[in-house]
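Sequence lines set the chain letters: A, B, ... in the order given, protein chains first and strands last, and positions in each chain run from 1.
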2 protein chains.
Amino acid sequence: MPSSIPDIVISRLPIYLRALERLSQEGHEVTSSHELGKRLGISSAQIRKDLSHFGGFGKQGTGYKIAFLREQLRQVLKVEREWEVALVGAGDLGSAVARYKGFAERGFHIACVFDSSPEKVGRSIDKFSIQSIDQLPSIIQERGIRIAMIAVPAEHAQEVANTLVGAGVKAILNYAPINLSVPDDVHVQYIDPVLHLQRMTYYLT
Amino acid sequence: MPSSIPDIVISRLPIYLRALERLSQEGHEVTSSHELGKRLGISSAQIRKDLSHFGGFGKQGTGYKIAFLREQLRQVLKVEREWEVALVGAGDLGSAVARYKGFAERGFHIACVFDSSPEKVGRSIDKFSIQSIDQLPSIIQERGIRIAMIAVPAEHAQEVANTLVGAGVKAILNYAPINLSVPDDVHVQYIDPVLHLQRMTYYLT
DNA sequence: AATCTAGCGTGAAATTCGTAACAATGTTAT
DNA sequence: ATAACATTGTTACGAATTTCACGCTAGATT
Ligand SMILES: NC(=O)c1ccc[n+]([C@@H]2O[C@H](COP(=O)([O-])OP(=O)(O)OC[C@H]3O[C@@H](n4cnc5c(N)ncnc54)[C@H](O)[C@@H]3O)[C@@H](O)[C@H]2O)c1
Ligand SMILES: NC(=O)c1ccc[n+]([C@@H]2O[C@H](COP(=O)([O-])OP(=O)(O)OC[C@H]3O[C@@H](n4cnc5c(N)ncnc54)[C@H](O)[C@@H]3O)[C@@H](O)[C@H]2O)c1
């Protein structure tokens with residue numbers, strides 16, 4: 001049933017959710033597909049159509065009650081609960097990620113941090129004590145963690161991904177600039193800032 | 001003329017380029033749309049069609065010469081030259097970005113780093129001396145910088161974007177979790193790791 | 001040389017996606 | 001109470017995108 005909803009629709013929901021949370025912070029209580037669309041540079045029809053996949057969240061003539069719509073989107077995306085996330089790689093980027101409060105604020109708790117370097121294992125980043133990569137499988141399995149972030153050099157990313165998949169992880173956010181091969185039931189998202197920059201230079205004269 | 005090529009095609013070229021560079025590192029000299037597609041999880045027809053927008057880069061029966069195709073894509077994307085990039089925000093994330101070697105390695109040189117905090121202005125991150133945000137317009141204009149990265153708290157991202165646009169910046173990579181309003185001729189790309197995580201939880205049972 | 005094979009480039013077909021339009025319905029003003 | 005208005009949910013359509021399928025060429029094989 002949920003498989004009938006296009007991926008591209010799902011991928012826009014977090015954008016809507018983020019905008020709703022901001023509107024809420026700014027003191028708004030209701031909004032409309034037009035207002036949201038204007039903020040996001042998306043047509044109002046698109047927003048209404050996307051939302052209608054999941055039922056009628058708005059009221060004709062009035063718009064959407066922000067608190068309600070936000071709650072509904074949270075449930076659709078399964079982010080009304082909290083998720084535990086494993087972080088692999090405690091280098092420059094990994095440390096910044098571990099210290100970043102934005103994950104926990106939005107429901108993603110970093111539950112453990114792994115590294116392979118004996119220099120780093122045992123040390124701490126904030127409240128996180130860095131653990132050996134050797135312990136990854138047992139810890140992840142015990143805690144039932146299904147989401148992980150990879151912040152190791154590109155050369156080691158695939159091997160880390162294999163370990164994660166073996167331990168039962170089903171969703172990976174990969175910061176290393178390399179494509180990963182994983183089984184079909186494992187989801188991967190990529191963050192590579194250079195790639196984003198390269199997407200813009202084409203348009204510069 | 002270039003405007004006739006769909007954005008979605010352009011957005012895939014950097015992915016191809018990255019894969020080609022890796023294949024090259026691994027010692028390959030030629031590849032095929034099938035091999036590339038398998039690595040990237042993209043159909044071979046898609047790759048051939050995307051590339052054909054720019055001319056025939058391959059040889060029938062043989063495939064693509066990696067070094068040649070890479071060079072062609074670099075030119076199409078305008079990344080055969082080097083670009084200077086401004087970084088605004090020298091906090092946790094900004095520092096990690098400034099220290100990251102991957103930008104310069106791939107042709108994006110961080111040319112200057114700005115922050116508004118008197119505590120930070122004058123200090124250094126690696127070789128970068130942090131400059132006051134007040135000097136941003138004059139420095140950016142003098143150096144003719146047209147690309148910037150924003151790594152300030154969400155509340156200040158729009159005001160920073162306005163300043164950047166005023167100074168002539170035409171491409172912004174925004175790390176703050178907020179949508180920016182900019183003129184039509186300014187390009188914006190977003191990086192928000194939480195958003196990527198939220199795109200995966202939907203599919204977890 | 002003739003044959004075979006791999007694999008590109010491409011037009012046509014199929015599919016997916018976005019937009020326009022509107023009936024239905026709630027809200028506000030008078 | 002009625003009219004005027006705003007905005008949703010939905011359908012129908014057109015645009016954009018992807019996939020298919022095949023002609024064609026370069027190189028390998030015999
Ligand atoms: N620093 C950034 O701003 C930034 C930005 C974008 C992408 N990246 C990417 O993120 C990755 C990490 O970057 P970084 O700057 O933090 O590098 P880094 O070298 O500072 O850190 C990498 C860490 O990974 C650990 N590691 C290596 N192999 C491992 C393994 N098999 N298992 C567990 N841990 C292992 C190392 O011990 C090290 O601590 C790289 O792929 C980089 O390209 C970094
Ligand atoms: N740390 C991470 O891993 C991470 C990851 C993703 C996104 N982000 C986002 O990146 C942004 C920065 O995060 P951070 O952790 O580095 O925050 P931070 O508070 O450590 O740093 C923010 C910096 O921006 C500076 N600043 C504030 N207003 C400014 C202005 N108007 N002009 C110039 N500089 C200004 C501050 O002085 C500070 O140095 C935030 O929006 C955050 O949500 C951070």
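- Between C:dC17 and A:Arg12, no contact under 4.0 Å exists linking OP1 or OP2 to a side-chain N or O.
- Atom OH of B:Tyr16 and atom OH of B:Tyr64 lie 9.5 Å apart (nearest 0.5 Å).
- For the pairing with A:Glu84, the side chain to side chain donor-acceptor pair (under 3.5 Å) check across A:Arg146, A:Arg143, A:His109 returns one residue only, A:Arg143.
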When the side chains of residues 175-184 of chain B are checked against the rest of the protein, which donor-acceptor pairs come out under 3.5 Å, sequence neighbours left out?
{"unit_1": "B:Asn179", "atom_1": "OD1", "unit_2": "A:Arg18", "atom_2": "NH2", "d": "3.1"}

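- Of the residues in residues 21-34 of chain B, those lying under 4.0 Å from DNA chain C by heavy-atom distance are B:Ser32, B:Ser33.
- Rounded to an integer number of Å, the gap from CG of B:Asp50 to P of D:dT18 is 7 Å.
- B:Ser11 and A:Arg199 form no side-chain donor-acceptor contact under 3.5 Å, judged by distance and modelled atom types alone.
- Atoms CD and CD, from B:Glu21 and B:Glu26 in turn, are 12.5 Å apart once rounded to the nearest 0.5 Å.
- Put simply, CG on B:Leu69 is 10 Å from P on C:dC8, counting in whole angstrom units.
- Within 4.0 Å (heavy atoms only), B:Ile8 reaches sugar-phosphate atoms of the nucleic acid but no base atom.
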Which atom pairs link the protein and nucleotides 20-24 of chain D when you take only N or O atoms and keep those under 3.5 Å?
{"unit_1": "D:dA21", "atom_1": "N6", "unit_2": "B:Arg48", "atom_2": "NH2", "d": "3.4"}

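- Of the candidates C:dC17, D:dT18, D:dG27, D:dG27 carries the atom nearest the B:Lys59 side chain, counting heavy atoms from C-beta on.
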List, one per line, each side-chain donor-acceptor pair under 3.5 Å for residues 133-141 of chain A, sequence neighbours excluded.
{"unit_1": "A:Asp134", "atom_1": "OD2", "unit_2": "A:Ser132", "atom_2": "OG", "d": "3.3"}
{"unit_1": "A:Ser138", "atom_1": "OG", "unit_2": "A:Gln135", "atom_2": "O", "d": "3.1"}

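- Direction of the helix axis in the helix from C:dA1-D:dT30 to C:dT30-D:dA1 shifts by 20° between the two five-pair termini, rounded to 10°.
- The residues B:Arg12 and B:Asp7 are annotated as not salt-bridged, no charged nitrogen and carboxylate oxygen being separated by less than 4.0 angstrom.
- For the OP1/OP2 pair of D:dT19 and a distance below 4.0 Å, the side-chain nitrogens and oxygens of B:Ser43 include at least one atom meeting the criterion.
- The phosphate of D:dG9 has OP1 or OP2 within less than 4.0 Å of a side-chain N or O from A:Tyr64.
- Annotation: proximity of residues 180-187 of chain B to DNA chain C (heavy atom, distance under 4.0 Å) is found for no residue.
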